[in-house]
Amino acid sequence: MANIIEITDFSAPELDVYARLTEGQLKNRAEPEKGLFIAESPKVIDRALDAGYEPVSLLMEHKHVDGQAKDIISRCDGVPVFTSTLDVLTQLTGFQLTRGVLCAMRRRPIPSAQSICKHARRIAVLEDVMNPTNIGAIFRSAAALNMDAILLTPACCDPLYRRAVRVSMGTVFQIPWADIGTEVSDWPHPGIDLLHEWGFKTAAMALRDDTVSVDDPQLMEEEKLAIILGTEGDGLANTTIADCDYTVKIPMSHGVDSLNVAAASAVAFWQLGKTDK
């Protein structure tokens, strides 16, 4: 049965998750088992529910209770549904709720990198990618273009940050991901050593002269390949590139020197995700 609650008190502690807690507080590093995240829009919430994430509460405009969020509410039986008009919600959250529906959900334990790579053939490794928009876009491309998993170095943005989840259109719940190391000192070593131990050849995406093209036949024939992409500004660290099996570039034209990391990931995944095996 739906538990609809009209918002009358902005200071209600139940609303802190939407209005007053930072992303770091939601993640709750001190007590990870109590960590939360926010899923935004019915499609994204549906995908999170499909993946088994537990809803804590919902926040939405009045009109969505019997509208686009009706099925979501039925899937979240008994979960508090906080509701009000759009202008009140905008005052509460501090931003325009363009998608009209938010859901606070419990985080789950992150699997080990080894477990999600055990049966994978093509994985993406993100080195220090800190922009949540890029993280979300990379996840969406990875899910759509045949990547089996994503690994993140310790300095990467959290894939469950609200903007990353939203930009990914919920694909952060569909493609397996894990951290490769817990400390900054864990990458590039022993991280790259572990990838090699698990049977992966490593391909550093970088615009350098000593590279192979992204459609190189030998690269395409590798049984297991880890595609490593670097941070938005500087790209991959020189130490990372030096220790990879391949340095790979996407040929450019019209004098363009590089692509945004999210755009580059889509090109690389489309080409290197092809397989007849």
Side-chain angles (χ1 to χ4, degrees), residues 7 10 12-61 64 68-69 72-73 75-76 79-84 86-110 126 128-143 150 152 154-179 232 260-262 265:
I7 295 173
F10 279 10
E14 296 85 356
L15 300 177
D16 286 351
V17 64
Y18 300 106
R20 287 173 285 276
L21 297 184
T22 65
E23 295 282 11
Q25 289 170 324
L26 286 172
K27 190 172 183 180
N28 198 348
R29 291 176 178 83
E31 298 179 272
E33 68 280 0
K34 295 181 181 179
L36 302 171
F37 68 92
I38 304 296
E40 185 176 346
S41 88
K43 178 179 286 188
V44 170
I45 296 167
D46 253 334
R47 286 179 171 170
L49 293 171
D50 288 345
Y53 286 89
E54 178 188 351
V56 174
S57 65
L58 289 153
L59 177 70
M60 67 187 66
E61 290 182 69
H64 295 315
Q68 64 173 317
I72 295 293
I73 294 171
R75 295 189 66 183
C76 300
V79 170
V81 180
F82 298 105
T83 184
S84 190
L86 180 60
D87 60 331
V88 169
L89 294 180
T90 300
Q91 291 178 56
L92 172 67
T93 61
F95 62 90
Q96 189 84 3
L97 275 174
T98 55
R99 291 168 179 81
V101 183
L102 301 177
C103 183
M105 311 189 91
R106 296 195 189 281
R107 288 174 176 262
R108 299 192 311 194
I110 299 173
L126 308 186
D128 303 351
V129 178
M130 293 172 277
N131 184 301
T133 298
N134 284 335
I135 288 285
I138 292 169
F139 265 80
R140 190 173 182 182
S141 293
I150 295 178
L152 303 105
C156 277
C157 168
D158 180 4
L160 294 185
Y161 277 9
R162 182 184 298 184
R163 185 166 181 80
V165 171
R166 181 171 72 245
V167 172
S168 82
M169 292 300 293
T171 54
V172 293
F173 311 122
Q174 296 178 310
I175 186 167
W177 58 273
D179 299 318
E232 293 86 350
N260 165 274
V261 65
S265 74

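Note that this is a predicted model, so its numbers are computed, not measured.
- Here the side chain of Trp177 pairs a donor or acceptor atom with the backbone of Val172 at under 3.5 angstrom.
- Asp128 meets the side chain to side chain donor-acceptor pair (under 3.5 Å) test with Thr153; sequence neighbours excluded.
- Tyr53 is linked by a ring pair (Phe, Tyr, Trp, His ring centres under 6.0 Å) to Phe37, Phe173, counting only residues two or more places apart in sequence or in another chain.
- By the side chain to side chain donor-acceptor pair (under 3.5 Å) test, Gln25 is found to be paired with Thr22, residues two or more places apart in sequence or in another chain being considered.
- Residues satisfying the side chain to side chain donor-acceptor pair (under 3.5 Å) criterion with Thr171, sequence neighbours excluded, are absent altogether.
- Formation of a donor-acceptor pair under 3.5 Å by the Ser141 side chain with backbone atoms of Ile138 is not found in this model.
- Between Ser168 and Phe139 the shortest heavy-atom distance is CB-CB, 4.2 Å.
- Applying the side chain to side chain donor-acceptor pair (under 3.5 Å) test to Lys34 and every residue at least two apart in sequence or in another chain returns Glu31.
- Open room surrounds NZ on Lys43; 12 or fewer heavy atoms of other groups in view lie less than 6.0 Å from it.
- The side-chain contact (heavy atoms from CB on, under 4.5 Å) test applied to Asp46 returns Ile72, Arg75, not counting sequence neighbours.
- Of the candidates Leu15, Asp16, Val17, Pro13 forms a side chain to side chain contact (heavy atoms under 4.5 Å, CB included) with just one, namely Asp16.
- Ala51 and Arg108 get closest at one heavy-atom pair: O-NH1, 2.6 Å.
- In terms of heavy-atom proximity, Val79 sits nearest to Val56 at CG1-O, 3.3 Å.
- The pair Arg107-Asp158 meets the salt-bridge criterion, since a charged nitrogen lies less than 4.0 angstrom from a carboxylate oxygen.
- The structure places CG of Leu36 at 11.0 Å from CD of Glu23, a figure rounded to the nearest 0.5 Å.
- Shortest non-hydrogen contact noted between Ala164 and Ile135 is CB-CG2, 4.1 Å.
- Looking at every heavy atom in both residues, Met130 comes nearest to Cys157 through O-CB, 3.4 Å.
- Between Pro42 and Gln68, the closest heavy-atom pair is CG-OE1, 3.3 Å.
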